[in-house]
Structures are given as C-alpha cells and as structure tokens.
Amino acid sequence: MPERFFVTGTDTGVGKTVVSALLCAAIDAIYWKPIQTGTREGTDRNTVMQLAHLPRAQTRPEAYRFAAPVSPHLAARRAGVRINLQSIRMPRIAATENLIAEGAGGAMVPMNDRQLMTDVMRHLKFPVLLVARTSLGTINHTLLSLAALRAARLNVRGVIMVGEPNSENHNAIQHYGECQVIGEIPWLKKIDRTALLAVFHKTFDCKVFLA
Ligand SMILES: Nc1ncnc2c1ncn2[C@@H]1O[C@H](COP(=O)(O)OP(=O)(O)OP(=O)(O)O)[C@@H](O)[C@H]1O
Ligand SMILES: [Mg+2]
C-alpha cells in the first residue's frame with residue numbers, strides 16, 4: 001500500500017518542511033504543498049528539493065500560491081481569490097507512489113470565510129502527522145492541536161517533535177494526548193539528505209511508515 005500523509009503543525013515555523021523533507025527522503029515520497037503563501041520569500045517545495053536532494057519530478061506544483069506572507073484566507077483575499085477546496089485535487093502520481101502533503105501554519109488556519117486547514121485535511125483524507133516543538137509551551141499547543149484534529153474527525157497517526165530532546169514533554173504529550181510520538185528531530189547544525197536519513201533511522205518508528 002502506498003503511504004500518504006498530511007503534515008500539519010502546532011504553529012508556523014515549527015519544522016513541518018524539515019519533517020516533510022526527512023520523510024520524502026526516507027520513504028521515497030513525492031512532496032506536495034497544496035497552499036503556499038509568502039512566495040516572495042521562496043517556497044517550501046524548493047526548500048524540500050534542496051534539503052532532501054529531490055529532483056523536481058519528485059514534487060508537485062501547489063494548487064494555490066500567494067505572494068503575501070500571511071494566513072491563506074488573507075493572502076487569497078488580497079489577491080482577489082477565494083480558496084475553493086474542490087480545486088485542491090490529488091496530484092497525478094502512480095498508485096504505488098508515496099506522498100507527503102504539507103499544510104500551511106497550523107490546523108485551524110483559515111482558508112476562506114468558512115473553512116479551515118482541518119477541512120483541507122478532511123477533503124484529502126490522508127492520515128495526519130502533527131509536528132510539535134520540544135520546548136516549553138509545547139504540551140499546551142500540542143494538546144490543543146490534537147483536540148482540534150480529533151474534533152474534525154481526522155485520523156492522527158502521530159506526533160513528531162523538533163528541537164532539543166525533552167523527555168518530560170515527550171512523555172506528557174504521549175500520556176495526555178493519548179498519541180504516539182513517532183519521531184524526533186534534534187537541532188541539526190547542517191540539514192541535508194544524509195543527516196535527515198540518519199535521524200529517521202535513529203529516532204523514527206519505521207513501522208508507521210513502512211507498514
Ligand atoms: N531540526 C532542525 N534543526 C535545525 N533547524 C531546523 C530544524 N527544524 C527546523 N529548522 C529550521 O527552522 C525554520 C522553520 O522550519 P520549517 O521551515 O521546517 O517550519 P514550517 O513549520 O515548515 O514553517 P511554515 O509554517 O512556514 O511552513 C527553518 O529555518 C528550518 O531550517
Ligand atoms: Mg513549511
């Protein structure tokens with residue numbers, strides 16, 4: 001069975017793109033960011049290609065791209081566009097290919113006047129991975145995000161923690177969140193394909209990805 005995951009986070013800048021690059025390298029997945037804002041500062045598609053050393057053919061174009069580095073609902077409004085979930089179609093990939101889709105910001109980021117990122121996840125129907133910081137404040141942000149994802153009846157496959165390892169926060173998220181922490185990425189001096197693959201083999205629960 002091909003693996004398909006939607007990578008969301010407890011916040012913007014939490015490490016979703018780094019996690020996506022790691023997973024694309026580890027399970028040879030295609031990368032797709034359906035909604036990209038802030039294109040003036042670059043795109044996550046290009047960052048993943050660079051970090052995981054993926055050819056462009058192993059990525060797919062965004063469904064929506066906006067220049068402004070703000071929430072999708074606002075970036076779309078400024079561009080005179082309304083984000084329509086029906087326009088976010090599963091990219092063309094072979095039935096056997098793995099796919100990693102990356103969200104924008106966190107789970108409850110608005111898309112338009114009525115819908116949130118959780119609606120995009122429901123529309124795509126992929127199991128969800130939640131990226132969280134390891135540092136102080138993460139328990140609250142992670143439990144709130146898990147509650148929102150579950151209220152939207154999404155299948156949360158696990159949490160991935162990014163930053164200096166913190167076993168107390170790791171254990172609290174598993175206990176109170178009733179959710180497995182399936183991987184951890186420590187701060188890396190240099191992020192490249194070799195470093196990401198080494199982290200995957202050292203700290204990730206491979207069973208989740210190579211079922
Ligand atoms: N494990 C790590 N080691 C070192 N730097 C990291 C690590 N994880 C993330 N970073 C850095 O932190 C910054 C934010 O990470 P990233 O771009 O992955 O966040 P994001 O959640 O994808 O953000 P966005 O909401 O903009 O998509 C980047 O500069 C990235 O290189
Ligand atoms: Mg990103």
Side-chain angles (χ1 to χ4, degrees), residues 5-26 29-54 59-76 83 88 99-111 116-118 120-121 124 126 128-135 137-138 141-142 144-146 148-149 158-166 169-170 181-204:
F5 292 104
F6 192 101
V7 177
T8 188
T10 55
D11 200 354
T12 187
V14 79
K16 297 182 300 293
T17 300
V18 171
V19 166
S20 299
L22 176 147
L23 292 176
C24 285
I30 289 176
Y31 174 82
W32 179 42
K33 174 113 173 170
I35 303 138
Q36 173 76 64
T37 63
T39 55
R40 263 185 235 128
E41 290 144 31
T43 67
D44 285 354
R45 183 186 187 190
N46 283 334
T47 302
V48 167
M49 284 166 53
Q50 188 207 323
L51 296 181
H53 210 256
L54 298 189
T59 66
R60 291 294 179 273
E62 300 86 357
Y64 287 100
R65 293 166 54 103
F66 301 106
V70 295
S71 169
H73 78 294
L74 190 54
I83 293 176
I88 302 176
L99 180 72
I100 298 294
E102 179 185 342
M108 294 189 75
V109 161
M111 295 296 112
L116 306 174
M117 189 58 83
T118 46
V120 176
M121 296 183 227
L124 291 171
F126 303 153
V128 175
L129 300 173
L130 176 64
V131 180
R133 292 190 179 90
T134 55
S135 53
T138 194
H141 286 146
T142 307
L144 286 170
S145 298
L146 287 171
L149 293 166
V159 172
I160 296 166
M161 299 187 71
V162 179
E164 283 307 316
N166 183 316
N169 288 346
H170 174 130
V181 174
I182 59 169
E184 287 183 280
I185 310 184
W187 282 115
L188 300 168
K189 283 204 182 73
K190 183 165 184 253
I191 309 176
D192 60 16
R193 186 179 176 91
T194 307
L196 293 171
L197 285 172
V199 170
F200 179 77
H201 292 296
K202 191 167 173 209
T203 78
F204 276 61

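Please read these numbers as outputs of a predicted model, since none were measured by experiment. Read the numbers this way: they start at 1 and go in the same order the structure lists the ligands and their atoms. Excluded from the calculations below are hydrogen atoms, water molecules and symmetry mates; all remaining heavy atoms, backbone and side chain alike, are included.
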Asks: Pull up every protein N/O/S atom sitting under 2.8 Å from the Mg ion (ligand 2), skipping waters.
Replies: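 N, O, S partners closer than 2.8 Å: T17 OG1, D44 OD2, E102 OE2.
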Asks: Judged by modelled atom types alone, do Q36 and Y64 share a side-chain donor-acceptor pair under 3.5 Å?
Replies: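 The answer is no; no qualifying pair exists.
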Asks: Using only heavy-atom distances, determine whether the side chains of D44 and T47 contain a donor-acceptor pair under 3.5 Å.
Replies: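 No, because no side-chain N or O of D44 sits under 3.5 Å from a partner of the opposite role on T47.
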Asks: Could you pull out the closest heavy-atom pair between A107 and T8, with the gap in Å?
Replies: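 Where A107 meets T8 most closely, the heavy atoms are N-OG1, 3.6 Å.
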Asks: Taking only residues two or more places apart in sequence or in another chain, which ones pass salt bridge (charged side-chain N to carboxylate O under 4.0 Å, His left out) with K16?
Replies: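 K16: no salt bridge (charged side-chain N to carboxylate O under 4.0 Å, His left out) contacts found.
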Asks: One pair to check against side-chain contact (heavy atoms from CB on, under 4.5 Å): R133 and M161. What are the steps and the verdict?
Replies: CA-CA 5 Å; R133 292 190 179 90; M161 299 187 71; over 6 Å; no
Asks: Is it true that E164 and S135 share a donor-acceptor pair across their side chains at a distance under 3.5 Å?
Replies: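 Note: S135 and E164 side chains miss the donor-acceptor criterion.
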Asks: Distances under 3.5 Å, N/O of ligand 1 against N/O of the protein: list each pair and its distance.
Replies:
from	atom 1	to	atom 2	distance (Å)
ligand 1	1 (N)	P186	O	2.9
ligand 1	3 (N)	L188	N	2.9
ligand 1	18 (O)	T17	N	3.1
ligand 1	18 (O)	V18	N	3.1
ligand 1	19 (O)	G15	N	3.1
ligand 1	21 (O)	G13	N	3.4
ligand 1	21 (O)	V14	N	3.1
ligand 1	21 (O)	G15	N	3.1
ligand 1	21 (O)	K16	N	3.0
ligand 1	21 (O)	K16	NZ	2.9
ligand 1	22 (O)	K16	N	3.4
ligand 1	22 (O)	T17	N	2.8
ligand 1	22 (O)	T17	OG1	2.8
ligand 1	22 (O)	E102	OE2	3.1
ligand 1	23 (O)	G13	N	3.0
ligand 1	25 (O)	T12	OG1	2.7
ligand 1	25 (O)	G13	N	3.3
ligand 1	25 (O)	K16	NZ	2.7
ligand 1	27 (O)	K33	NZ	3.4
ligand 1	27 (O)	D44	OD2	3.1
ligand 1	27 (O)	E102	OE2	3.1

Asks: Would D192 and L51 satisfy side-chain contact (heavy atoms from CB on, under 4.5 Å), going step by step from the backbone distance to the final call?
Replies: CA-CA 5 Å; D192 60 16; L51 296 181; over 6 Å; no
Asks: For F5, check ring pair (Phe, Tyr, Trp, His ring centres under 6.0 Å) against everything at least two apart and list the hits.
Replies: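 Scan of F5 (ring pair (Phe, Tyr, Trp, His ring centres under 6.0 Å), adjacent residues dropped) gives F209.
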Asks: Can you confirm whether the side chains of T39 and T43 place a donor and an acceptor under 3.5 Å from each other?
Replies: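 The criterion, which ignores hydrogens and geometry beyond distance, is not satisfied for T43 and T39.
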